[in-house]
2 protein chains.
Amino acid sequence: MRPPKVEDQALLDGLMAVLRAKGYEGSSLNELAGSSGLQKASLYHRFPGGKKEITLAVLHYVHEWIRKYIYERLTDQSLSPAERLGDVIQSIHSLYQGGEKSCILKALSMDSSVELFREEIKESMQRWIDGFTALGVDYGFTRDAAQEKAFQVLIAIQGSLIVSKGLGSTAPFVAAVEAIEKMYREV
Amino acid sequence: MRPPKVEDQALLDGLMAVLRAKGYEGSSLNELAGSSGLQKASLYHRFPGGKKEITLAVLHYVHEWIRKYIYERLTDQSLSPAERLGDVIQSIHSLYQGGEKSCILKALSMDSSVELFREEIKESMQRWIDGFTALGVDYGFTRDAAQEKAFQVLIAIQGSLIVSKGLGSTAPFVAAVEAIEKMYREV
DNA sequence: GATTAATAACCGTACGTTCGGTAAAATATA
DNA sequence: TATATTTTACCGAACGTACGGTTATTAATC
């Protein structure tokens with residue numbers, strides 16, 4: 001009996017979970033297989049390029065997620081800036097499970113793996129920054145001020161996730177997200 | 001001819017360089033040996049507990065560094081708060097080579113390795129925060145406000161290092177450090 | 001019936017770790 | 001002071017295991 005096909009989304013979700021938690025070098029094919037619901041050999045059927053192609057596929061999936069749930073929502077002219085920000089804050093909360101999960105862009109930013117995925121990581125970060133820059137402009141800031149705020153947002157998310165992980169408490173992440181809301185709303 | 005003893009500091013510097021760049025899982029004993037100037041077997045003479053003991057030794061070394069160059073300088077009552085901040089900013093710049101090097105606390109904060117080193121990572125981060133909290137108090141902030149600023153400093157450093165790595169530019173780190181200086185001085 | 005998707009079994013390599021042994025330095029003995 | 005002993009520091013080679021990756025085969029789908 002051949003099991004039914006494992007669908008792309010479930011597959012990528014499982015693969016991403018391992019990569020974000022263990023990084024590129026730390027993720028073994030056995031773990032990737034176990035978490036994706038496929039056997040090792042089946043992963044090679046789906047991704048003939050092996051671990052690197054798996055990681056690129058996950059990064060593409062993440063990039064699309066950011067485009068859809070961060071960038072497009074932040075630039076949706078049918079909503080007010082405040083509504084957009086609220087939506088996106090919610091998306092960010094669920095993406096990182098309130099500060100308990102790591103960011104895959106960080107996990108793949110080790111010196112040893114960043115060389116392999118430099119472009120993909122850069123594009124995803126840039127899209128994130130572009131979205132928040134657009135939001136800032138719609139809030140009435142100059143383009144420069146808006147971009148500076150956008151960098152602060154990305155830095156605060158990434159930094160607070162690390163501090164949360166290091167201190168073993170989600171409080172820094174939660175506080176950082178609240179500070180981001182204030183940063184835009186109190187103007 | 002037996003080679004001369006590799007001194008502790010050189011040894012730990014070499015080991016740290018690998019661990020901060022590649023993380024725990026990503027650092028092989030061969031690389032650690034190569035970077036430290038010892039053979040693999042000699043590393044086991046120095047650190048009978050293997051890779052884990054090596055990493056703990058490096059974390060202890062880092063903790064002492066933070067105590068000496070961050071905490072003690074930030075609490076040195078013989079200098080003005082502004083002088084202390086300037087000193088420590090310089091230390092931070094050299095620690096991360098202006099944004100080009102990663103933070104070992106981040107590198108060991110992967111889900112897979114954080115379990116092994118939770119206490120050591122936490123202590124180092126806490127010492128960092130305590131130092132900047134003391135500085136904020138001496139700048140005239142309330143204890144709560146000072147602690148909030150201290151968290152912001154640590155988060156900004158960690159976050160900006162990731163964004164710098166991801167975007168392939170040290171500009172975010174440099175800007176974040178400047179923003180930290182402003183945060184204290186413009187009050 | 002051809003193609004697609006899955007698997008079990010397997011491969012060579014690199015991993016972390018251990019072992020046996022040697023050279024230098026330090027200490028004790030004469 | 002000269003010799004014997006112990007300790008320290010290093011290394012080459014090998015261990016069993018787990019790695020990333022491959023092949024041959026089977027079963028469901030188009």
Side-chain angles (χ1 to χ4, degrees), chain A residues 1-59 61 107-108 110-117, chain B residues 1-59 61 107-108 110-117:
Chain A
M1 276 268 292
R2 194 192 81 181
K5 179 180 179 181
V6 175
E7 295 303 327
D8 280 2
Q9 173 142 355
L11 185 54
L12 290 167
D13 281 338
L15 295 169
M16 180 171 64
V18 177
L19 283 169
R20 89 194 309 195
K22 315 218 168 183
Y24 185 71
E25 331 264 357
S27 299
S28 76
L29 286 186
N30 279 323
E31 278 175 307
L32 289 166
S35 171
S36 70
L38 288 179
Q39 295 299 320
K40 233 192 324 178
S42 307
L43 275 181
Y44 271 87
H45 172 68
R46 295 287 200 94
F47 307 101
K51 202 169 159 182
K52 185 174 177 187
E53 185 178 338
I54 289 171
T55 308
L56 285 171
V58 169
L59 276 171
Y61 178 60
L108 298 175
M110 304 297 301
D111 284 11
S112 37
S113 53
V114 74
E115 299 159 19
L116 298 171
F117 311 112
Chain B
M1 275 270 290
R2 194 189 81 180
K5 178 180 180 180
V6 175
E7 295 302 327
D8 281 1
Q9 174 144 353
L11 185 52
L12 289 168
D13 282 339
L15 296 169
M16 181 171 63
V18 177
L19 282 169
R20 90 193 309 194
K22 315 218 169 184
Y24 185 71
E25 332 264 357
S27 298
S28 77
L29 265 288
N30 277 322
E31 281 174 304
L32 289 166
S35 171
S36 70
L38 287 178
Q39 293 300 321
K40 251 194 298 183
S42 305
L43 277 181
Y44 274 86
H45 172 68
R46 295 289 199 96
F47 307 101
K51 200 169 164 183
K52 184 175 177 186
E53 186 177 338
I54 288 171
T55 308
L56 285 170
V58 169
L59 276 171
Y61 180 58
L108 298 176
M110 305 295 302
D111 284 13
S112 37
S113 54
V114 75
E115 299 159 20
L116 297 171
F117 311 112

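In the text below, chain A, chain B and the rest are named by the order of the sequence lines, each starting its count at 1.
Contact between A:K40 and A:A33 at its shortest, heavy atoms only, is N-CB, 3.6 Å.
Contact between the side-chain N/O atoms of A:R46 and the OP1/OP2 oxygens of C:dA6 is found at a separation under 4.0 Å. OP1 or OP2 of D:dC11 sits under 4.0 Å from a side-chain N or O of B:S42.
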Nucleotides 15-20 of chain C: protein proximity per nucleotide (B base, S sugar-phosphate only, - neither; heavy atom, under 4.0 Å): SBBBB-
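Here B:Y44 pairs with B:L29 under the side chain to side chain contact (heavy atoms under 4.5 Å, CB included) rule; sequence neighbours left out.
Rounded to whole Å, atom P of D:dT23 lies 15 Å from atom NE2 of A:H45. The separation between B:L43 atom CG and D:dG12 atom C1' is 15 Å, rounded to whole Å. A straight line from CZ of B:F47 to P of D:dA9 spans 12 Å, rounded to a whole angstrom. Summarising the geometry, the separation between CD on B:E7 and C1' on D:dT8 is reported as 13 Å, rounded to the nearest angstrom.
Of the charged side-chain nitrogens involved, at least one lies within less than 4.0 Å of a carboxylate oxygen, so that B:D8 and B:R46 count as a salt-bridged pair. In this structure, A:K22 does not pair ionically with B:E25, as no charged nitrogen and carboxylate oxygen lie closer than 4.0 Å.
If you run side-chain contact (heavy atoms from CB on, under 4.5 Å) between A:L15 and each of A:V18, A:D13, A:L11, only A:L11 comes through.
Within the 3.5 Å criterion, the main-chain N or O of A:L32 finds a donor-acceptor partner in the side chain of A:S36.
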